[in-house]
Student: 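Structure incoming, see below.
Remember, predicted model here, so these are calculated numbers, not experimental data. In each ligand, atom 1 is the first atom listed, and ligand 1 is the first ligand listed.
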Amino acid sequence: MFIRSKPRWALDERNVTPEPLFRQRRALIKAAGLGMIGAAAAAGPAHANFFDRLLGGGGPEPDAEVDPTADLYPVPRNDAYTPMRPITKEELVTTYNNFYEFGSHKRIFNAAQALEIRPWSVTFDGMVEEERTVDIDTLIRAMPLEERVYRHRCVEAWSMVVPWSGFPMAALVDYAKPTSGARYVRMETFEDPDVATGQRQTWYPWPYVEGVTIEEATNPLAFLVTGAYGKPVEEQNGAPLRLALPWKYGFKSIKSLVRFTFTDERPSSFWMDVAGNEYGFWANVNPEVPHKRWSQAMERPLGTDEEIPTLLFNGYAEEVAGLYTDLASEDLYF
Ligand SMILES: Nc1nc2c(c(=O)[nH]1)N[C@H]1C(S)=C(S)[C@@H](COP(=O)(O)O)O[C@H]1N2
Ligand SMILES: [Mo]
């Protein structure tokens with residue numbers, strides 16, 4: 001039998017999970033006598049549902065209800081964004097996820113089906129002309145939908161290429177009508193530990209929060225995702241509304257959004273609060289600035305055993321480098 005040794009750049013979960021959390025999880029698995037099952041879950045989706053259920057993370061099967069915006073898809077592709085790499089298989093993008101609300105491992109797709117994505121509303125507050133809460137379907141139908149094929153680079157050194165559908169974040173900022181003093185957008189994911197069993201892990205600072213500057217939010221590359229692969233985006237990928245900031249590490253692309261707060265203070269974020277020595281505000285992709293515990297020079301495209309070089313700003317320097325020219329004193333790349 002041909003046995004392939006693990007490439008030296010391949011990271012296992014020990015390397016990418018914040019150390020105290022990793023230990024806690026191992027302890028949990030061990031306490032439950034599930035060490036072997038944990039190994040099986042890591043091996044493939046066939047075992048994942050069983051693993052999820054044992055850890056209390058199981059969810060119902062996908063429901064058959066039709067998404068109320070399904071008629072909008074597919075939307076026209078904007079060809080200005082060419083990914084340089086082949087599109088990742090949909091099956092991989094929908095079964096290998098980071099969504100800590102449903103567990104701190106990759107096989108959360110089944111558990112995430114429990115998320116009720118209708119009714120769903122989104123609130124705009126803080127420094128806006130008028131605070132308001134809007135129904136997601138009203139919002140989606142008010143926005144100029146298009147498809148963009150974007151690269152995505154996780155801080156854990158894997159990457160993917162996804163045809164997202166959605167609308168420029170600039171259109172959302174327009175819609176929210178921030179006042180002139182607003183300098184940042186703080187974004188929040190839903191909070192519902194009854195459904196999202198990961199949120200019962202109280203050592204995490206729920207809800208998941210992220211933030212960008214107004215300049216970043218209105219850069220043409222910043223994109224809000226409502227669909228993928230020509231249909232409404234699935235729960236595990238952040239339905240019904242998630243961010244895509246392809247020049248930043250993946251953790252900035254916050255999922256299942258419920259709130260946009262405009263503010264003049266730089267917001268903290270979920271990962272800054274979990275491990276502020278490892279994750280910063282800017283988190284722009286840079287192969288020359290290693291993570292505290294691993295190199296960022298290379299990445300593994302999902303579905304391959306290839307090792308390819310990571311590019312500055314994940315290859316989007318032309319679009320976004322200008323945002324950072326006056327910020328040399330800041331830690332832009334972690
Ligand atoms: N609310 C929320 N958003 C999140 C995360 C998360 O755990 N919770 N994980 C982030 C990380 S680390 C990555 S790499 C991407 C993964 O997106 P995907 O599962 O659709 O590939 O989502 C980001 N957005
Ligand atoms: Mo990530």
Side-chain angles (χ1 to χ4, degrees), residues 11 13 15-18 21 45 48 57 87-113 115 117 120 122 150-166 186-193 195-199 201 204-212 223-229 232-260 269-275 278-279 283-285 291 294 296 299-303 310 314 334:
L11 297 166
E13 229 176 307
N15 293 327
V16 298
T17 304
L21 305 178
I87 289 176
T88 306
K89 279 209 183 81
E90 180 180 4
E91 190 215 322
L92 287 172
V93 173
T94 54
T95 57
Y96 183 92
N97 301 99
N98 272 331
F99 203 165
Y100 273 56
E101 283 80 347
F102 296 98
S104 53
H105 53 96
K106 297 290 182 281
R107 304 296 179 186
I108 55 76
F109 59 91
N110 192 46
Q113 305 308 313
L115 183 62
I117 55 173
W120 189 279
V122 179
Y150 272 0
R151 293 186 297 281
H152 174 103
R153 170 57 159 82
C154 177
V155 76
E156 298 161 350
W158 55 268
S159 64
M160 61 184 183
V161 176
V162 183
W164 299 120
S165 308
R186 178 187 183 276
M187 291 157 283
E188 224 176 77
T189 295
F190 75 90
E191 188 167 9
D192 186 355
V195 168
T197 54
Q199 292 184 330
Q201 302 184 324
Y204 285 114
W206 308 111
Y208 199 100
V209 168
E210 262 305 339
V212 294
F223 198 60
L224 279 156
V225 168
T226 60
Y229 296 91
V233 68
E234 295 200 16
E235 286 86 347
Q236 60 270 39
N237 294 115
L241 186 67
R242 79 74 76 78
L243 189 58
L245 298 174
W247 72 99
K248 291 180 181 283
Y249 291 114
F251 65 84
K252 298 287 296 184
S253 291
I254 178 173
K255 294 176 169 181
S256 302
L257 287 156
V258 296
R259 185 182 300 274
F260 295 83
S269 72
F270 181 83
W271 286 110
M272 287 164 78
D273 292 345
V274 169
E278 298 194 342
Y279 304 102
N284 294 311
V285 174
H291 185 276
W294 60 86
Q296 294 292 26
E299 66 198 52
R300 179 181 62 88
L302 275 192
T310 287
N314 199 24
F334 101 115

Student: Check for a donor-acceptor pair, side chain of Trp271 on one end and backbone N or O of Lys252 on the other, with a separation under 3.5 Å.
Tutor: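 A pair under 3.5 Å: no.
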
Student: Looking only at distances, please establish whether an N/O atom of ligand 1 is found under 3.5 Å from an N/O atom of Trp271.
Tutor: no

Student: Which atoms from ligand 1 have a heavy atom of Phe251 less than 4.0 Å away?
Tutor: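 Checking each atom against Phe251, I get 10 (C), 11 (C), 12 (S).
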
Student: Quick one: does Tyr96 get an N or O within less than 3.5 Å of an N or O on ligand 1?
Tutor: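 No, Tyr96 has no N/O under 3.5 Å of an N/O on ligand 1.
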
Student: Going by the atom numbers of ligand 1, which of them fall below 4.0 Å from some non-hydrogen atom of Glu101?
Tutor: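 Numbered from 1, ligand 1 contributes 1 (N), 2 (C), 6 (C), 7 (O), 8 (N).
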
Student: Under 4.0 Å, counting heavy atoms only: does Glu156 come that close to any atom of ligand 1?
Tutor: no

Student: Any non-hydrogen atom of Glu210 lying under 4.0 Å from ligand 1?
Tutor: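 Under 4.0 Å: no for Glu210.
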
Student: Among the heavy atoms of Met160, does any lie under 4.0 Å from an atom of ligand 1?
Tutor: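 Yes.
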
Student: How far is atom 14 (S) of ligand 1 from the closest protein heavy atom, and which atom is that?
Tutor: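 Answer for atom 14 (S) of ligand 1: His152 NE2, 3.2 Å.
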
Student: Can a side-chain donor-acceptor contact be found between Gln236 and Gln113 if the only test is distance below 3.5 angstrom?
Tutor: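 Yes, side-chain donor-acceptor contact under 3.5 Å.
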
Student: Within ligand 1, which atoms have a heavy atom of Phe99 less than 4.0 Å away?
Tutor: 1 (N), 6 (C), 7 (O), 8 (N)

Student: Please work out which of Glu234, Glu188, Arg242 has its closest non-hydrogen atom nearest to atom 17 (O) of ligand 1.
Tutor: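 Looking at heavy atoms only, Arg242 sits closest to atom 17 (O) of ligand 1.
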
Student: If the contact criterion is a heavy-atom separation under 4.0 Å, does Gly238 count as touching ligand 1?
Tutor: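 It does not, in that no heavy atom of Gly238 comes within the 4.0 Å cut-off of ligand 1.
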
Student: Report the nearest protein non-hydrogen atom to atom 24 (N) of ligand 1: residue, atom name, distance rounded to 0.1 Å.
Tutor: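 Among all protein heavy atoms, the one nearest atom 24 (N) of ligand 1 is Ser253 O, 2.9 Å.
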
Student: For atom 9 (N) of ligand 1, what's the nearest protein heavy-atom neighbour? Residue, atom name and distance, please.
Tutor: Asn98 O, 3.3 Å

Student: Would you check if the side chain of Glu188 reaches a backbone N or O of Val258 as a donor-acceptor pair within less than 3.5 Å?
Tutor: no

Student: Quick one: which ligand 1 atoms are inside 4.0 Å of a heavy atom on Thr189?
Tutor: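 Listed by number with element: 1 (N).
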
Student: Check Tyr208 against ligand 1 and report side chain, backbone, both or neither, counting heavy atoms closer than 4.0 Å.
Tutor: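 Side chain only.
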
Student: Between Lys106 and Asn97, is any side-chain donor less than 3.5 angstrom from a side-chain acceptor?
Tutor: no

Student: Can you sort out which atoms of ligand 1 are near Cys154, meaning under 4.0 Å from one of its heavy atoms?
Tutor: 14 (S)

Student: Under 4.0 Å between a Lys/Arg side-chain N and an Asp/Glu carboxylate O for Lys248 and Glu210?
Tutor: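 Judged by the 4.0 Å cut-off on N to carboxylate O distance, Lys248 and Glu210 do not form a salt bridge.
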
Student: Quick check on contacts: which atoms of ligand 1 are under 4.0 angstrom from a heavy atom of Ile254?
Tutor: 3 (N), 24 (N)

Student: Do Trp158 and ligand 1 have an N or O pair less than 3.5 Å apart?
Tutor: no

Student: Distance under 4.0 Å to a non-hydrogen atom of Asn237: what atoms of ligand 1 satisfy this?
Tutor: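 Those of ligand 1 that fall under 4.0 Å from Asn237 are 18 (P), 20 (O).
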
Student: Taking Thr189 for its side chain and Lys255 for its backbone only, find out whether a donor-acceptor pair lies under 3.5 Å.
Tutor: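 Yes; judged by distance alone, with no hydrogens or angles, the pair exists.
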
Student: Tell me: protein heavy atom nearest atom 3 (N) of ligand 1, and distance?
Tutor: Lys255 N, 3.1 Å

Student: Of Arg259, Glu191, Met187, which is the lone residue that meets side-chain contact (heavy atoms from CB on, under 4.5 Å) with Pro207?
Tutor: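 Among Arg259, Glu191, Met187, the one that satisfies the side-chain contact (heavy atoms from CB on, under 4.5 Å) with Pro207 is Glu191.
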
Student: In ligand 1, which numbered atoms sit nearer than 4.0 Å to a non-hydrogen atom of Asn97?
Tutor: 18 (P), 19 (O), 20 (O)

